[in-house]
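Here is the naming used below: chain letters follow the sequence lines, and residue numbers restart at 1 for every chain.
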Number of protein chains: 2
Amino acid sequence: MNFNTMTTTTAVKKQGKIRAKSEQIIIKAAQEEFILQGYKGASVQSIADRAQLPKANVLYYFKNKENIYHAVLEQTLNMWDQGIGDILLEDGPKKAIEKIIAAKVKMSFENPNASKIYAMEIIQGAQHLKEFARTYLRQWVREKAKIFQIWIDNGEMANVNPVNLIFLIWSSTQHYADFETQILTIMNRAEYEEEDIEQVTQFLTDMILRGCKLKP
Amino acid sequence: MNFNTMTTTTAVKKQGKIRAKSEQIIIKAAQEEFILQGYKGASVQSIADRAQLPKANVLYYFKNKENIYHAVLEQTLNMWDQGIGDILLEDGPKKAIEKIIAAKVKMSFENPNASKIYAMEIIQGAQHLKEFARTYLRQWVREKAKIFQIWIDNGEMANVNPVNLIFLIWSSTQHYADFETQILTIMNRAEYEEEDIEQVTQFLTDMILRGCKLKP
DNA sequence: CATCTAATTGACCAAATAGTCAATTATTTT
DNA sequence: AAAATAATTGACTATTTGGTCAATTAGATG
């Protein structure tokens with residue numbers, strides 16, 4: 001995917017040897033700071049500290065804070081794009097739902113920070129992602145809804161609203177990333193474990209398949 | 001509910017005639033600013049502007065920014081506490097699930113801002129709500145999970161993990177508040193309408209009841 | 001080796017902002 | 001109506017912070 005609204009600055013950059021590595025370190029540090037402190041609350045100094053670089057060096061790689069944030073978002077969206085399972089007509093509803101739930105749960109557990117950045121951006125009004133949502137995302141949802149509708153018309157699954165179904169899969173999977181803190185606190189645990197992925201995938205798959213009147 | 005960790009400052013305040021009204025105006029303005037800009041990003045000045053009051057006046061009612069934020073959170077939690085439907089043993093699983101989904105969808109559509117503030121707080125690590133989650137929330141989930149377990153043991157519903165079920169109801173309903181922007185953009189709409197509440201409630205109730213092997 | 005580009009970094013500055021204060025006005029109480 | 005309390009507000013300050021700059025070092029390239 002090419003988020004060309006964001007790559008205007010990064011595209012023209014000079015390419016040294018250290019750049020790629022430094023940028024990656026900075027982006028990761030920035031992602032964590034932006035989650036903990038919000039956009040305004042994350043100071044360039046704090047990002048630099050976390051990246052163990054002088055502030056001036058951070059600003060040498062990214063001209064300003066806004067650019068750092070863009071880079072973080074860009075990477076988040078690319079991760080989202082790769083990680084989201086696809087819905088294919090030839091899979092049929094059962095396999096498609098299983099695939100997409102498994103992919104999204106995996107993403108939520110293995111990369112909660114990407115999900116958190118995305119969620120905060122949307123909650124705050126999607127200032128930087130309006131265009132992405134209006135074009136790419138809307139298109140994606142419509143395409144996939146259309147496929148569900150075909151299955152419904154063929155009597156392969158119950159007559160549930162496809163868009164609501166997509167939102168349901170979306171929200172229920174992402175919840176384990178965004179509300180990580182709350183879930184861990186409620187379950188009195190320090191962190192997720194490997195088997196949680198399997199357990200949650202199983203639960204959501206069963207529930208939603210039954211919801212669509214598909215035998216698990 | 002008494003969030004006595006937060007009321008330490010407000011409890012001792014002097015009570016004039018104008019105070020109650022001014023505080024309410026400020027809290028509402030602050031809620032909106034905090035959502036749009038985050039805690040650090042929302043300046044006292046911007047809150048004052050939105051409340052149409054001089055900054056010094058805002059700081060007369062709330063000693064500092066932190067206190068404003070506390071007041072916003074306090075009100076959010078109280079709203080949450082009132083709005084969340086209760087799960088009662090005597091209702092049985094079907095009625096209980098119907099009740100709680102209806103209540104939470106209603107809350108999400110009618111007061112998305114409360115949900116957004118709460119979500120942001122949790123995503124950012126629940127700095128101000130750790131205690132609330134550790135005590136009240138954990139207790140609430142455990143109590144309700146226990147009731148679901150009784151129904152399961154009685155064969156009144158399918159053997160689904162009660163805690164996961166609670167998370168599912170939680171996430172799928174709240175999604176319509178937190179991701180309002182995204183959902184509206186995808187559906188190419190300017191705002192929610194009255195009938196959306198009914199439609200979403202119906203969809204989620206049907207899906208989740210079927211997921212629990214309960215006939216809608 | 002000489003030249004050019006990339007990378008590093010301390011010092012500095014202008015703008016934004018949380019919070020204080022004192023002076024004044026409005027309202028309530030006695 | 002006098003005294004006391006509540007509310008209002010402009011002006012001021014100390015601190016934080018995004019961003020610039022110039023000086024220096026490291027590395028590549030011819």
Side-chain angles (χ1 to χ4, degrees), chain A residues 6 8-73 124 127-128, chain B residues 6 8-73 124 127-128:
Chain A
M6 342 213 73
T8 41
T9 47
T10 45
V12 206
K13 257 183 221 148
K14 346 150 205 178
Q15 284 296 347
K17 284 289 161 56
I18 308 174
R19 178 168 283 274
K21 205 167 79 180
S22 291
E23 281 185 354
Q24 207 43 52
I25 291 171
I26 293 166
I27 288 175
K28 182 155 181 260
Q31 191 190 47
E32 292 162 5
E33 279 301 311
F34 282 133
I35 289 172
L36 287 171
Q37 311 288 341
Y39 175 75
K40 196 71 181 297
S43 69
V44 177
Q45 185 64 62
S46 70
I47 294 170
D49 289 348
R50 195 178 279 265
Q52 290 185 293
L53 291 170
K55 184 180 74 157
N57 199 3
V58 169
L59 287 166
Y60 165 74
Y61 284 111
F62 298 91
K63 271 192 235 327
N64 52 42
K65 190 165 137 179
E66 185 74 12
N67 277 344
I68 303 178
Y69 187 63
H70 275 179
V72 169
L73 275 188
Q124 299 203 342
Q127 296 302 320
H128 303 83
Chain B
M6 344 212 70
T8 41
T9 48
T10 45
V12 205
K13 258 182 219 147
K14 346 152 204 179
Q15 284 294 347
K17 284 288 159 57
I18 308 174
R19 178 168 284 272
K21 207 166 81 179
S22 290
E23 282 185 352
Q24 207 43 52
I25 291 170
I26 293 166
I27 288 175
K28 182 156 181 259
Q31 191 190 46
E32 291 163 6
E33 279 300 312
F34 282 132
I35 289 171
L36 287 171
Q37 310 289 342
Y39 175 74
K40 195 68 181 297
S43 69
V44 178
Q45 185 63 62
S46 70
I47 293 170
D49 289 349
R50 195 177 278 266
Q52 290 183 292
L53 291 170
K55 184 181 72 157
N57 200 3
V58 169
L59 287 167
Y60 165 73
Y61 284 111
F62 299 91
K63 272 190 234 328
N64 53 42
K65 191 166 136 178
E66 184 74 13
N67 276 345
I68 304 178
Y69 187 63
H70 275 178
V72 169
L73 276 188
Q124 299 202 341
Q127 296 300 319
H128 303 82

*In whole angstrom, give the distance that lies between atom CZ of R19(A) and atom C1' of dG27(D).*
15 Å
_Spatial distance of atom CD (Q31(B)) from atom CD1 (I47(B)) [nearest 0.5 Å]_ = 11.0 Å
*asked:* Without decimals, in angstroms, what is the distance between E66(B) CD and dT17(C) P?
replied: 18 Å
*Whole-Å distance between dA18(C) C1' and D49(B) CG?*
15 Å
*Ignoring hydrogens and angles, tell me if any N or O in the side chain of K40(A) forms a donor-acceptor pair with the backbone of S43(B) under 3.5 Å.*
no
*Please report the closest heavy-atom contact between K65(A) and A42(A), naming both atoms and the distance.*
NZ-O, 2.9 Å
*Whole Å only: how far is the CG atom of N57(A) from the P atom of dA6(C)?*
15 Å
*asked:* Expressed as a whole number of angstroms, how long is the span from Y60(A):OH to dC21(D):C1'?
replied: 15 Å
*Rounded to the Å, how far apart are Y69(B) OH and dT17(C) P?*
19 Å
*Quick one: closest heavy-atom pair of E23(A) and F62(A), and the distance?*
CG-CZ, 3.8 Å
*When the distance from CZ of F62(B) to P of dT8(D) is rounded to whole Å, what number comes out?*
13 Å
Between the protein and nucleotides 24-30 of chain C, which nitrogen or oxygen pairs come in under 3.5 angstrom?
none

Close N/O contacts between protein and nucleotides 15-18 of chain D (under 3.5 Å):
from    : atom 1 : to     : atom 2 : distance (Å)
dT17(D) : OP1    : K40(B) : NZ     : 3.1
dG18(D) : OP1    : K65(A) : NZ     : 3.1
dG18(D) : OP2    : V44(A) : N      : 2.9
dG18(D) : N7     : K55(A) : NZ     : 3.1

*Give a yes/no on whether any side-chain N or O of Y61(A) is located under 4.0 angstrom from OP1 or OP2 of dT8(C).*
yes
*Below 4.5 Å, heavy atoms only, C-beta onward: do R50(A) and L36(A) meet side chain to side chain?*
yes
*How are the rings of Y69(A) and F34(A) set to each other: parallel, tilted or perpendicular (split at 30° and 60°)?*
perpendicular
*How long is the line joining NZ of K21(B) and P of dA7(D), in whole Å?*
12 Å
*asked:* Show the nearest heavy-atom pair for residues K55(A) and V44(A), with the distance to one decimal.
replied: CG-CG1, 3.5 Å
